[in-house]
Amino acid sequence: MAIKDRCSNRSFEAFCSDDKSRIYAFRGGWYFRLDSSKDGWHAWPLSHTWRNLQGVVDAAFSHEHRMYFIQGSQVTVYLSDQMYIPVAGYPKAIEEEWEVSGVTAVDAAFTCPHSSDLYLIRGNRLTLVDLNTRRRSGEDKTIIHSEVDSAMCNAHGLYLIHGPSFYHYKDVGELLSTNTAPAPGTIASYFLDC
């Protein structure tokens, strides 16, 4: 039951903010909607909103009214206009979706609002993919965090999540230029009102 208890301090596998500023947290095949508590703080099975989506979500991000889910080496995409509709032809391998040879799994992925830059995190490596060309852009960069469970970028900045904590940066530039992590915040109190 800890999976469905928002205040359990159990780690989340992924966080995502979509084009409509809805914020989701994913854990063990369930999700929480974090931007609204009008229906109460309920955990919902993934398939409640994303038809046929099941299992652990390793990373999730939104770009141009599409929601992307990475599970293991596979990417699944949903159109996200009024409701979430699966895009035909998915799931696909990460390397098939984007030209990123050698990237077969990720710890986290994120896009920032109004940007076509996709960032993939594996260990302490940050890979940039241009979503317009679907290709790797430049060399991988090193970040100061050796472990990241999830990442999310929205109008308030960039959040790197590890265990029950998050690290807030104003943007990707600050993450790449720093050699000291900011003080960690607590996910339960900041995002989940615990």
Side-chain angles (χ1 to χ4, degrees), residues 2-19 21-37 41-44 46 49-50 53 55-63 67-72 75-76 94 103 105-113 115 117-129 140-194:
I3 285 176
K4 297 192 274 182
D5 178 1
R6 77 183 199 281
C7 297
S8 70
N9 272 337
R10 189 172 172 154
S11 296
F12 287 91
E13 289 99 10
F15 277 75
C16 180
S17 177
D18 71 9
D19 295 325
S21 299
R22 295 175 290 209
I23 300 173
Y24 300 97
F26 302 91
R27 178 167 60 195
W30 296 81
Y31 77 91
F32 290 89
R33 176 95 181 264
L34 304 186
D35 59 290
S36 171
S37 61
W41 292 95
H42 301 292
W44 299 93
L46 295 174
T49 300
W50 299 280
L53 188 66
V56 172
V57 172
D58 296 315
F61 68 92
S62 178
H63 178 66
M67 190 96 147
Y68 293 75
F69 294 94
I70 301 174
Q71 296 177 292
V75 178
T76 303
I94 292 171
V103 178
V106 300
D107 298 319
F110 66 92
T111 55
C112 292
S115 173
D117 292 338
L118 166 63
Y119 297 91
L120 304 174
I121 299 175
R122 297 169 293 132
N124 69 342
R125 306 298 292 167
L126 184 71
T127 301
L128 171 59
V129 176
D140 287 2
K141 307 283 187 203
T142 301
I143 59 174
I144 62 169
H145 298 272
S146 59
E147 292 183 60
V148 174
D149 295 327
S150 182
M152 175 181 69
C153 187
N154 61 22
H156 304 291
L158 171 60
Y159 300 86
L160 295 189
I161 291 118
H162 180 64
S165 302
F166 71 90
Y167 300 87
H168 181 254
Y169 296 91
K170 69 177 183 173
D171 56 25
V172 176
E174 183 181 26
L175 169 65
L176 290 173
S177 66
T178 190
N179 50 16
T180 306
T186 305
I187 292 169
S189 61
Y190 186 81
F191 287 106
L192 300 165
D193 199 27
C194 296

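Predicted model, so just to flag it, every value in this text is computed and none were measured.
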Peer 1: Measure across Ala60 and Val57 and return the closest heavy-atom pair with its distance rounded to 0.1 Å.
Peer 2: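 Minimum heavy-atom separation between Ala60 and Val57: CB-CG1, 4.2 Å.
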Peer 1: To the nearest 0.5 angstrom, please state how far the OG atom of Ser150 sits from the CZ atom of Phe166.
Peer 2: 13.0 Å
Peer 1: As an exercise, state the distance from NE2 of His63 to OG of Ser115, rounded to the nearest 0.5 Å.
Peer 2: 8.0 Å
Peer 1: Under 3.5 Å, is there a donor-acceptor pair between the side chain of Glu13 and the main chain of Gly28?
Peer 2: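 Between the backbone of Gly28 and the side chain of Glu13 there is a qualifying donor-acceptor contact (under 3.5 Å).
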Peer 1: Is a side-chain donor or acceptor of Asn124 paired with a backbone partner of Ile144 at a separation under 3.5 angstrom?
Peer 2: no
Peer 1: When you check the side-chain N and O atoms of Thr127 and Arg122, is any donor under 3.5 Å from an acceptor?
Peer 2: yes
Peer 1: On a heavy-atom basis, which atom in Ala155 and which in Pro113 lie closest, and how many Å separate them?
Peer 2: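 Heavy-atom minimum between the residues: N-CG, 3.9 Å.
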Peer 1: Check step by step if side-chain contact (heavy atoms from CB on, under 4.5 Å) holds for Leu160 and Ile121.
Peer 2: CA-CA 10 Å; Leu160 295 189; Ile121 299 175; 3.9 Å; yes
Peer 1: Report the residues that fulfil disulfide bond (SG atoms under 2.5 Å apart) with Cys153, sequence neighbours left out, ordered by chain and then residue number.
Peer 2: Cys112
Peer 1: Could you list the residues that satisfy ring-ring contact (aromatic ring centres under 6.0 Å, His included) with His168, not counting sequence neighbours?
Peer 2: Tyr159
Peer 1: Closest approach of Ile23 and Asn154, non-hydrogen atoms and distance?
Peer 2: CD1-ND2, 4.0 Å
Peer 1: Checking the side chain of Thr186 only, and the main-chain atoms of Ala188 only, is there a donor and an acceptor separated by less than 3.5 Å?
Peer 2: no
Peer 1: Using the rule side chain to side chain contact (heavy atoms under 4.5 Å, CB included), only one of Trp44, Tyr24, Phe12 pairs with Phe32; which is it?
Peer 2: Phe12
Peer 1: Could you walk me through whether Thr142 and Arg125 pass the side-chain hydrogen bond (donor to acceptor under 3.5 Å, both in side chains) check?
Peer 2: CA-CA 5 Å; Thr142 301; Arg125 306 298 292 167; 2.3 Å; yes
Peer 1: In Å and rounded to the nearest 0.5 Å, what is the NE2 to CD1 distance from His162 to Ile187?
Peer 2: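 With rounding to 0.5 Å, NE2 (His162) is 10.0 Å from CD1 (Ile187).
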Peer 1: Taking only distance into account, with no hydrogens and no angle test, what donor-acceptor pairs under 3.5 Å do side-chain atoms of residues 174-182 form with protein atoms, sequence neighbours excluded?
Peer 2:
residue: Glu174; atom: OE1; partner: Lys170; partner atom: N; Å: 2.5
residue: Ser177; atom: OG; partner: Gly173; partner atom: O; Å: 3.0
residue: Ser177; atom: OG; partner: Glu174; partner atom: O; Å: 3.3
residue: Thr178; atom: OG1; partner: Thr180; partner atom: N; Å: 3.2
residue: Thr178; atom: OG1; partner: Thr180; partner atom: O; Å: 2.8

Peer 1: Which heavy-atom pair separates Ala108 from Val148 by the least distance, and what is that distance?
Peer 2: CB-CG1, 4.0 Å
Peer 1: Any non-hydrogen side-chain atom of Met67 less than 4.5 Å from a side-chain atom of Cys16?
Peer 2: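 The answer is yes, as the side chains (C-beta and beyond) meet within the 4.5 Å cut-off.
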Peer 1: Run the ring-ring contact (aromatic ring centres under 6.0 Å, His included) test against His145 and tell me which residues pass, sequence neighbours left out.
Peer 2: Tyr167, Tyr169
Peer 1: Less than 4.5 Å apart, side chain to side chain, heavy atoms only: is that true for Leu46 and Tyr31?
Peer 2: yes
Peer 1: Quick one: pull up CD1 in Ile94 and CD in Gln71 and give me the separation to the nearest 0.5 Å.
Peer 2: 10.5 Å
Peer 1: Looking at every non-hydrogen atom in both residues, tell me the closest pair between Asp149 and Ser11 and how far apart they are.
Peer 2: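 Between these two residues, the closest heavy atoms are OD2-OG, 4.2 Å.
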Peer 1: Report the distance from atom CG of Leu126 to atom NZ of Lys141, rounding to the nearest 0.5 Å.
Peer 2: 9.0 Å
Peer 1: What heavy-atom pair brings Leu120 and Ala109 nearest, and what distance separates the two atoms?
Peer 2: CD2-CB, 3.8 Å
Peer 1: Would you give the length of the straight line joining atom CD1 of Ile70 to atom OG1 of Thr76, rounded to the nearest 0.5 angstrom?
Peer 2: 9.5 Å
Peer 1: Using the test ring-ring contact (aromatic ring centres under 6.0 Å, His included), find all partners of Tyr68 that sit at least two apart in sequence or belong to another chain.
Peer 2: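 In terms of ring-ring contact (aromatic ring centres under 6.0 Å, His included), with neighbours along the sequence ignored, Tyr68 is linked to Phe61.
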Peer 1: According to ring-ring contact (aromatic ring centres under 6.0 Å, His included), who are the partners of Tyr119, at least two apart in sequence or on a separate chain?
Peer 2: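 Checked Tyr119 against ring-ring contact (aromatic ring centres under 6.0 Å, His included); matches are Phe110.
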